[in-house]
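Reckoned from all heavy atoms, side chains included, excluding hydrogens, waters and symmetry mates.
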Amino acid sequence: MKNVGIILGYGVFIPPNPEYQSYLDQAKNLILEKGFDTTIITGSFTNPKYPHLSEASSIFDYFLSQSNKLNIILEDQSLTTYQNLLFSKDIISTRLKTLDSVFIIADSIRVPKVFFHSLEIFSPLFLKAMTTEDRLRLLATESRLHDPDTLPNPIAFSFEKLTVQGISLSNDSKSIAHQIISSLIESHYLEYPSLHREFIAWRQKKWGIK
């Protein structure tokens with residue numbers, strides 16, 4: 001069996017950062033509780049002040065200071081949520097070969113977006129083939145079962161052997177507004193890859209990275 005956990009990073013972790021640390025502490029506890037065979041930590045080099053430290057490695061360093069009982073693979077090339085998931089799938093396909101379940105840990109307000117993309121990206125590995133309509137219907141079903149009014153509190157969407165567990169990271173209005181806009185655009189990356197390339201270029205310019 002290969003039960004894989006995936007942690008989505010949200011910036012290079014540099015303490016003190018109480019909100020981010022709380023997110024990581026809860027993520028670490030979930031990893032230990034679930035006993036995944038492998039955990040993939042995602043996130044690239046996104047902070048020009050720390051050019052040699054990726055989001056993934058900063059999280060790994062923090063986890064290592066807390067526990068050495070984790071089997072971790074770093075994915076440190078992704079600049080978007082979509083790439084977090086896509087590059088994690090590539091690691092699974094090339095290094096782990098088999099997959100029985102995926103448990104993804106994300107910021108709560110991003111759970112609907114992450115769930116939608118995860119259905120697309122991971123369905124070839126262990127779920128049935130899905131159309132965009134299939135994924136939208138599952139997203140609508142989970143949204144009705146798990147009231148989004150509770151966001152940004154912890155929330156989970158799942159289908160068969162895929163679970164996206166949200167942990168509260170930020171509940172400020174700016175973050176929520178940004179996610180609404182991003183989710184609308186990012187939901188069409190499969191149909192319009194140029195949108196994704198434009199978003200990456202904008203993000204690199206905004207963050208001051210190459």
Kindly indicate, with the supporting measurements, whether the criterion side-chain contact (heavy atoms from CB on, under 4.5 Å) is fulfilled by F159 and E142. CA-CA 9 Å; F159 175 69; E142 287 299 289; over 6 Å; no

For F63 and I41: C-alpha separation, side-chain torsions, deciding distance, then whether side-chain contact (heavy atoms from CB on, under 4.5 Å) applies. CA-CA 11 Å; F63 282 177; I41 304 177; 3.9 Å; yes

Could you go through F103 and K34, starting from their C-alpha distance and side-chain angles, then the distance that decides it, and tell me whether this counts as side-chain contact (heavy atoms from CB on, under 4.5 Å)? CA-CA 9 Å; F103 189 99; K34 299 293 182 180; 3.7 Å; yes

Pair L138-M130, side-chain contact (heavy atoms from CB on, under 4.5 Å): steps then yes or no: CA-CA 10 Å; L138 284 169; M130 293 183 185; 3.7 Å; yes

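With contacts defined as side-chain heavy-atom distances shorter than 4.5 Å, the pair V102/I6 qualifies. No side-chain heavy atom of D107 sits under 4.5 Å from any side-chain heavy atom of L8. Side-chain contact between P15 and Y62 is absent, with no heavy-atom pair separated by less than 4.5 Å. The closest side-chain heavy-atom distance from T39 to N71 is not below 4.5 Å. In this structure the side chain of I92 reaches within 4.5 angstrom of the side chain of I40, judged on heavy atoms. When side chains are defined from C-beta on, D37 does not count as touching V4, because their heavy atoms never get closer than 4.5 Å. Between L32 and L70, some side-chain heavy-atom pair lies under the 4.5 Å cut-off. Side-chain contact between L30 and Q165 is present, with at least one heavy-atom pair separated by less than 4.5 Å.
Under a 3.5 Å cut-off, the side chain of S108 and the backbone N or O of S168 do form a donor-acceptor pair. A donor-acceptor distance shorter than 3.5 angstrom exists from the side chain of S57 to the backbone of S54, with no hydrogens or angles considered. With S22 contributing its side chain and E19 its backbone, the two residues share no donor-acceptor pair below 3.5 Å. Listed for the H117 side chain is a donor-acceptor partner under 3.5 Å among the backbone atoms of E186. In this structure, Q21 contributes its side chain and N17 its backbone to no donor-acceptor pair below 3.5 Å.
Hydrophobic clustering, with ILVMFWY side chains joined whenever heavy atoms are under 4.5 angstrom apart, groups V114 together with Y20. Under the 4.5 Å side-chain heavy-atom criterion for grouping Ile, Leu, Val, Met, Phe, Trp and Tyr, L79 is not connected to I181 through any hydrophobic cluster. Each of I7 and V12 belongs to its own hydrophobic cluster when Ile, Leu, Val, Met, Phe, Trp and Tyr are linked at side-chain heavy-atom distances under 4.5 angstrom. Both L195 and L136 are assigned to one and the same hydrophobic cluster, defined by single-linkage of ILVMFWY side chains at heavy-atom distances under 4.5 Å. Linking ILVMFWY side-chain heavy atoms closer than 4.5 Å, directly or via other members, places Y10 and I209 in two distinct hydrophobic clusters.
With values rounded to the nearest 0.5 angstrom, F157 atom CZ is found 4.0 Å from S143 atom OG. Rounding to the nearest 0.5 angstrom, the gap separating the CD1 atom in I72 from the CG atom in L64 is 8.0 Å. Rounding to the nearest 0.5 Å gives a distance of 10.5 Å between OG of S58 and OH of Y50. To the nearest 0.5 Å, atoms NZ (K89) and OG1 (T94) are separated by 10.0 Å. Within the model, atoms CG of L24 and CZ of F60 stand 13.5 Å from one another, a figure rounded to the nearest 0.5 Å. Rounding to the nearest 0.5 Å gives a distance of 8.5 Å between CZ of F122 and CG of L86.
For the pair S187 and F116, the tightest heavy-atom approach, listed with the atom from each and the gap, is O-CE2, 3.5 Å. Shown here for L53 and F45, the closest heavy-atom pair between the two residues is C-CD2, 3.6 Å. In terms of heavy atoms, Y23 sits closest to A106 at OH-CA, 3.5 Å. Smallest separation of non-hydrogen atoms from I200 and Q83: CD1-NE2, 3.2 Å. For T42 against S88, the heavy-atom pair with the smallest separation is CG2-OG, 3.3 Å. The shortest heavy-atom contact between L74 and I91 is O-CD1, 4.2 Å.
Annotation: H196 is in aromatic contact with Y82 [ring centroid separation under 6.0 Å].
Looking at D134 and R137, no side-chain N of the basic residue comes within less than 4.0 Å of a carboxylate O on the acidic one, giving no salt bridge.
Under the 3.5 Å distance criterion, with hydrogens and angles disregarded, no donor-acceptor pair is assigned to the side chains of S44 and Q77. A donor-acceptor contact under 3.5 angstrom links the side chains of S78 and E75, judged on distance only. Counting only N and O atoms by type, the side chains of Q179 and K113 include a donor and acceptor under 3.5 Å apart. A donor atom on one side chain and an acceptor atom on the other are found under 3.5 Å apart for T132 and R135.
Between F199 and Y189, the angle of the ring planes lies from 30° to 60°, which puts this pair in the tilted group.
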